[in-house]
Amino acid sequence: MMTTLAGKVALVTGGSRGIGAAIAKRLAHDGAAVALTYTSSSQKADEVVRDIEAAGGKALAIRADSADVEAVKNAVAETVNTFGRLDILVNNAGVGALAPIDQFLIEEFDRLVAVNIKGVFVATQEAVRHMGEGGRIIMIGSGSSDSMPFAGGSIYALTKGAIASFTRGLARDLGARGITVNNIQPGPIDTDMNPADGDFAAAMTKITALGRYGQCDEIAGMVSYLASPEAAFVTGANLKIDGGFTA
Ligand SMILES: NC(=O)c1ccc[n+]([C@@H]2O[C@H](COP(=O)([O-])OP(=O)(O)OC[C@H]3O[C@@H](n4cnc5c(N)ncnc54)[C@H](OP(=O)(O)O)[C@@H]3O)[C@@H](O)[C@H]2O)c1
């Protein structure tokens with residue numbers, strides 16, 4: 001266990017699997033008490049909590065669909081009620097869908113916007129009500145907001161582009177309070193959403209400068225830096241970590 005974030009409290013949305021689980025464990029390793037949300041993977045969320053507690057940390061799993069405004073508000077409230085404060089919000093929960101624009105279902109569009117945009121807005125609005133000087137808002141956006149190298153991803157890119165813009169505007173809103181806002185834009189990362197042995201993997205790897213997928217821990221490392229006191233002068237930044245996918 002490190003002490004960089006000792007005494008701090010973090011909330012990671014979508015922390016039961018993939019990138020979010022790695023972020024939750026890393027922030028706990030850095031010394032923060034960590035709450036994480038999930039929708040259906042309760043066993044996996046409990047495993048993340050157990051892993052953190054076994055390493056000497058504090059964690060809490062909360063079922064909260066990011067598309068459900070009241071559930072997101074309750075998740076922030078439960079985090080503060082349990083751990084007494086909130087210093088770091090990682091807006092990681094996100095969903096993807098691929099389809100040509102003339103076949104993209106309106107219901108799917110609404111789901112992507114509800115989770116990837118509205119859920120981020122609600123969590124952020126609630127969280128900053130509890131944050132003071134040194135607070136951190138960290139988005140997990142996507143390199144696809146700058147570059148979409150294949151057809152069918154336009155609506156996913158639309159939602160992640162909104163997060164990049166939100167990050168810049170929000171940094172202006174919160175700068176005077178000493179709260180930083182940054183957006184991490186991963187390239188292909190090996191998770192259930194985008195497995196390194198999946199249908200798209202070969203094409204993705206081919207256009208990535210380093211010729212491989214990224215690992216969840218590599219994203220968690222960048223979150224750890226942005227959450228730390230060392231990153232106090234970094235705000236409004238859209239930071240790529242993509243192995244040269246968009247180079
Ligand atoms: N993997 C990549 O290549 C990649 C690249 C760029 C950006 N990203 C972004 O990184 C983030 C994490 O992606 P990932 O690859 O780790 O995804 P993942 O493997 O599908 O895991 C998603 C996590 O979010 C949770 N989640 C899903 N929908 C949710 C909702 N409506 N409310 C609350 N939690 C929800 C899931 O929990 P449940 O199982 O309980 O639903 C799970 O813990 C996303 O924002 C994604 O867009 C991923």
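Whatever order the structure lists ligands and atoms in, that order sets their numbers, starting from 1.
Every salt bridge (charged side-chain N to carboxylate O under 4.0 Å, His left out) that R85 has, sequence neighbours left out, goes to D87.
With values rounded to the nearest 0.5 angstrom, Q125 atom CD is found 12.0 Å from L89 atom CG.
Salt-bridge check for R26 with D30: passed, with a basic side-chain N closer than 4.0 Å to an acidic carboxylate O. Taking 4.0 Å as the cut-off between side-chain N and carboxylate O, R50 and E53 do not count as a salt-bridged pair.
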Note down each nitrogen or oxygen pair, ligand 1 side and protein side, whose separation is under 3.5 Å; give only atom names and the distance to 0.1 Å.
| from | atom 1 | to | atom 2 | distance (Å) |
| --- | --- | --- | --- | --- |
| ligand 1 | 1 (N) | I189 | O | 3.1 |
| ligand 1 | 1 (N) | T191 | OG1 | 3.2 |
| ligand 1 | 3 (O) | I189 | N | 2.8 |
| ligand 1 | 3 (O) | I189 | O | 3.3 |
| ligand 1 | 3 (O) | N194 | ND2 | 3.0 |
| ligand 1 | 15 (O) | T191 | OG1 | 2.5 |
| ligand 1 | 16 (O) | I19 | N | 2.9 |
| ligand 1 | 31 (N) | D65 | OD1 | 2.9 |
| ligand 1 | 32 (N) | S66 | N | 2.8 |
| ligand 1 | 32 (N) | S66 | OG | 3.4 |
| ligand 1 | 37 (O) | S16 | OG | 3.0 |
| ligand 1 | 39 (O) | R17 | NE | 2.9 |
| ligand 1 | 39 (O) | R17 | NH2 | 2.8 |
| ligand 1 | 39 (O) | S41 | OG | 2.3 |
| ligand 1 | 40 (O) | T39 | N | 2.8 |
| ligand 1 | 40 (O) | T39 | OG1 | 3.4 |
| ligand 1 | 40 (O) | S40 | N | 2.7 |
| ligand 1 | 40 (O) | S41 | N | 2.8 |
| ligand 1 | 40 (O) | S41 | OG | 3.3 |
| ligand 1 | 41 (O) | T39 | OG1 | 2.4 |
| ligand 1 | 43 (O) | G14 | O | 3.3 |
| ligand 1 | 43 (O) | S16 | N | 3.2 |
| ligand 1 | 43 (O) | S16 | OG | 2.7 |
| ligand 1 | 43 (O) | R17 | N | 3.1 |
| ligand 1 | 45 (O) | N92 | O | 2.7 |
| ligand 1 | 45 (O) | K160 | NZ | 2.9 |
| ligand 1 | 47 (O) | Y156 | OH | 2.6 |
| ligand 1 | 47 (O) | K160 | NZ | 3.2 |

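Closest heavy-atom contact between A45 and L36: CB-CD1, 3.9 Å. Across all their heavy atoms, A75 and T79 have their closest contact at O-OG1, 2.7 Å.
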